Amino acid sequence: MAKVPVQFTLNGSEKAEFIDSGTTLLQALRDKIGDTSPKGGCHQGTCGACSVIIDGELRLSCLTLAETCDGAVISTTSGLSESGVLHPLQRAFLDTFATQCGFCTPGMIMAAKVLLDHTPNPSRDEVVEALSGNICRCTGYEPIIQAVLTAARANSQNAA
Amino acid sequence: MELRKNYFADVRKDDLNEIGQPRPRSDSPGHVTGKTAFFADRNFPGILHLKMVRSPHHHARIRSIDTSEAEKHPGVVKILTAKDVPHNVYTILILIQVGPEDETVLADGKVRWKGEAVVAVLAETERAAQEAAAKVKVDYEVLPAVFDMEEALKPGAPLVNEYHGQNYYLYDSGECRKVRFGDVEAGFAGADHILEESYQSSPIEHAPTETTGCVVAPEGNDRFTCYTNTQAMFFTLDNTSIILQMPGSKLHFVGGTVGGGFGGKVDVIVEPIAILGAKLTGRPVCFIYSREEEMQISSPRAAEKVVIKDGVMKDGRIVARKVTGYTDAGAYSRHSPYGAQKGAGHYPGPYTIPNVWIDTYCVYTNRTPSSAMRGFGVTIGDFALEVQMDKLARLIGMDPLEFRFINAYRDGDMKAHRQPTEGAALIECMQEASRAANWPVAEKYMAMSSYVKGA
């Protein structure tokens with residue numbers, strides 16, 4: 001099968017791959033590049049476990065064709081901590097026990113990051129809305145909502 | 001909620017170092033950084049993808065299977081049918097002597113539920129496996145099916161599973177698990193009121209975000225590493241050993257990281273066939289349920305029917321309780337004979353009743369095999385029992401919480417299955433619930449104790 005070249009920035013580093021046409025970004029990230037932090041829970045855009053950030057916007061990598069990402073800037077949860085220091089969202093997810101099985105966590109953190117990037121001090125309703133595309137079957141969501149609100153508070157305290 | 005420390009003060013030690021203190025979970029740092037390795041995060045060069053051909057019928061005889069077109073499909077490496085599986089007929093609980101073996105890894109001559117695995121296709125890509133699976137031709141003779149437990153128990157109903165010979169699990173106690181305590185008919189005869197109600201539930205799917213699956217890699221020495229999200233590591237290893245007729249020393253299972261289970265990942269479903277595929281091809285194999293398979297194929301919580309007949313006195317005492325429970329195993333046993341048995345032990349609930357009669361049936365139907373899920377065998381029964389308790393309280397015009405205080409089991413009470421009650425604490429839980437919910441009860445109930453007789 002003819003291969004398609006694709007080149008993008010992933011978590012600050014340049015990536016270039018030859019992929020089969022029709023390969024999803026989720027497959028490219030996991031199987032070709034080896035970033036397994038986005039998870040495949042449904043492969044039909046309903047669970048949010050594969051969420052990544054493309055050019056600043058939250059995207060479902062299972063519904064995004066890799067070849068459409070040429071030249072894009074992509075972020076995943078595996079690239080969030082810098083020099084071993086956890087991002088405030090990661091810290092907050094730890095501190096508020098917002099993870100149980102952990103499968104939805106990378107996608108949740110991506111959705112939360114896009115929210116806080118656009119809305120640094122969200123209301124509880126805004127947090128619920130921002131996470132509404134991400135399914136968690138363990139926690140009952142409450143600790144996750146608290147984690148995002150906690151991270152927002154930590155951010156605003158650091159900024160002050 | 002405030003943690004009450006006044007209960008059982010004489011047996012409490014509050015010099016604990018860990019309990020009551022927040023402690024970080026050891027797995028969370030991996031979760032928040034995306035570093036936790038779930039089974040599907042393992043990738044191996046040359047990995048093959050396994051897809052199942054599944055029965056479109058609830059009950060059918062297989063006249064023939066033709067894989068010739070599928071074999072020619074580009075990318076197909078191996079196609080497996082029943083004859084390739086060394087010990088094809090198995091049952092999970094055979095490890096604890098709960099037989100008979102009643103389920104096929106790949107269907108042999110017959111399918112008993114819609115979605116049953118018939119042929120396994122291994123190919124270079126997921127797409128090739130899927131396309132080739134669609135080219136497998138299976139000729140079925142459709143048979144009458146039965147979906148309702150009471151219909152299945154009637155004489156002349158279609159026989160679901162020949163390995164049982166009848167549509168119920170035959171316990172050593174007979175057609176059902178039985179508990180007999182006191183004289184239930186005498187209890188009813190002396191009761192002020194009788195209330196008989198039936199309760200039903202549908203199957204419930206666990207719907208974990210990570211679907212069931214495994215990745216198998218040959219180690220090159222006749223040993224196979226199986227990365228799996230099973231919740232039952234050693235059950236799976238031992239059953240795989242039986243199914244593949246391979247010593248356990250050839251099977252290296254890596255797991256413990258489960259992306260949501262809730263009981264839905266305790267069946268031995270994906271590992272044996274994936275390891276067989278790796279053995280016969282010499283290549284790594286992944287078998288991962290699609291979301292559709294997770295919802296339609298993986299075992300749900302069993303549908304149940306619970307019939308409860310109670311005799312109650314005007315003063316609130318339940319004097320007799322008769323329970324008939326039905327657990328829908330679907331086409332195969334898996335964990336359901338155990339679930340139905342748990343039900344028998346669990347009734348009549350956390351209440352002390354002098355006359356009890358319990359029958360619980362594990363019934364076979366042509367539905368998706370059911371299995372474990374959070375408190376299976378007990379949870380639906382609790383729903384039925386507690387709704388029944390509310391109805392009884394209304395029947396005699398009593399507060400539902402006070403009604404439960406009157407009947408609550410206490411330490412030293414003999415339970416219907418003849419295990420004395422120990423460490424009940426039900427009274428104390430209800431006292432706390434009464435306060436927390438602002439649902440006051442009479443002072444005499446707040447003065448009761450689980451472990452002081454007469455209080």
Side-chain angles (χ1 to χ4, degrees), chain A residues 1 11 20 22-23 27 29-50 52 62 76-81 84-87 89-110 112 134-139 147, chain B residues 22-47 49 74-75 124-128 130 204-213 215 227 229 231 256-265 286 288-295 373-374:
Chain A
M1 196 187 287
N11 298 325
D20 292 326
T23 300
Q27 289 169 322
L29 289 175
R30 289 178 57 86
D31 301 340
K32 300 286 265 184
I33 293 168
D35 181 352
T36 57
S37 67
K39 306 297 177 193
C42 69
H43 301 277
Q44 56 191 26
T46 56
C47 77
C50 68
V52 299
C62 79
T76 67
T77 291
S78 66
L80 208 52
S81 56
V85 179
L86 294 180
H87 183 276
L89 271 167
Q90 294 173 312
R91 185 79 252 164
F93 268 68
L94 274 186
D95 291 344
T96 62
F97 294 88
T99 75
Q100 278 187 35
C101 84
F103 197 78
C104 74
T105 308
M108 284 284 181
I109 289 178
M110 287 291 97
N134 295 69
I135 290 175
C136 170
R137 289 285 290 155
C138 303
T139 62
Chain B
R23 292 279 181 253
R25 290 175 55 123
S26 61
D27 54 359
S28 285
H31 295 345
V32 301
T33 53
K35 288 188 169 66
T36 300
F38 293 88
F39 86 88
D41 297 338
R42 320 279 179 158
N43 203 349
F44 295 91
I47 197 163
H49 298 257
E124 301 282 354
T125 64
E126 189 182 354
R127 181 172 170 174
Q130 223 148 18
I204 301 171
E205 167 55 35
H206 320 71
T209 44
E210 178 206 47
T211 61
T212 300
V215 171
Y227 300 92
N229 61 5
Q231 290 178 261
T257 301
V258 182
F262 321 114
K265 290 171 179 165
C286 68
I288 307 176
Y289 272 10
S290 66
R291 174 53 52 187
E292 184 182 1
E293 285 177 304
E294 191 65 40
M295 303 304 280
M373 183 177 187
R374 297 189 149 192

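Lettering of chains follows the sequences in order, A, B, ..., and the numbering in each one begins at 1. Small disclaimer: the values here were computed from a predicted structure and weren't measured.
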Asker: With side chains defined as the heavy atoms from C-beta onward, is the minimum distance between B/P29 and A/L94 less than 4.5 Å?
Answerer: yes
Asker: Nearest 0.5 Å, please: how far is CG in A/D20 from CZ in B/R127?
Answerer: 9.5 Å
Asker: Could you give the distance from SG (A/C47) to CZ (B/R291), rounded to the nearest 0.5 Å?
Answerer: 6.5 Å
Asker: Are side-chain heavy atoms of A/R30 and B/N43 found at a separation under 4.5 Å?
Answerer: no
Asker: Sort B/T33 into side chain, backbone, both or neither according to what part of it lies under 4.5 angstrom from a heavy atom of chain A.
Answerer: both
Asker: Measure across B/G34 and A/P106 and return the closest heavy-atom pair with its distance rounded to 0.1 Å.
Answerer: CA-CG, 4.3 Å
Asker: Just do the side-chain contact (heavy atoms from CB on, under 4.5 Å) check on A/R91 and B/V32 with the steps written out, would you?
Answerer: CA-CA 8 Å; A/R91 185 79 252 164; B/V32 301; over 6 Å; no
Asker: Give a yes or no answer on whether the side chain of B/E210 reaches the backbone of A/F103 with a donor-acceptor pair at less than 3.5 Å.
Answerer: no
Asker: Between the side chains of A/T99 and B/S28, is a donor N or O closer than 3.5 angstrom to an acceptor N or O?
Answerer: yes
Asker: Roughly how far, to the nearest 0.5 Å, is OG1 of B/T211 from NE2 of A/H43?
Answerer: 6.5 Å
Asker: Please state whether the side chain, the backbone, both or neither of A/Q44 comes within less than 4.5 Å of a heavy atom of chain B.
Answerer: side chain
Asker: Working to the nearest 0.5 Å, report the span between SG of A/C104 and NE2 of B/H31.
Answerer: 9.5 Å
Asker: With only heavy atoms counted, which part of B/F262 is less than 4.5 Å from chain A, the side chain, the backbone, both or neither?
Answerer: side chain
Asker: As an exercise: rank A/S37, A/G41, A/G34 by heavy-atom pairs under 4.5 Å with chain B and give me the winner.
Answerer: A/G41
Asker: Heavy-atom distance under 4.5 Å to chain B: side chain of A/L80, backbone, both or neither?
Answerer: neither
Asker: Go through the atoms of B/D27 and report whether side chain, backbone, both or neither lie under 4.5 Å from a heavy atom of chain A.
Answerer: side chain
Asker: As an exercise: rank B/R25, B/K35, B/E292 by heavy-atom pairs under 4.5 Å with chain A and give me the winner.
Answerer: B/R25
Asker: Non-hydrogen atoms of chain A under 4.5 Å away: do they reach the side chain of B/R42, the backbone, both or neither?
Answerer: neither
Asker: Among A/R137, A/K39, A/Q100, A/Q90, single out the residue with the greatest number of heavy-atom pairs under 4.5 Å to chain B.
Answerer: A/R137
Asker: Let me know if A/L89 has heavy atoms under 4.5 Å from chain B in its side chain, its backbone, both or neither.
Answerer: neither
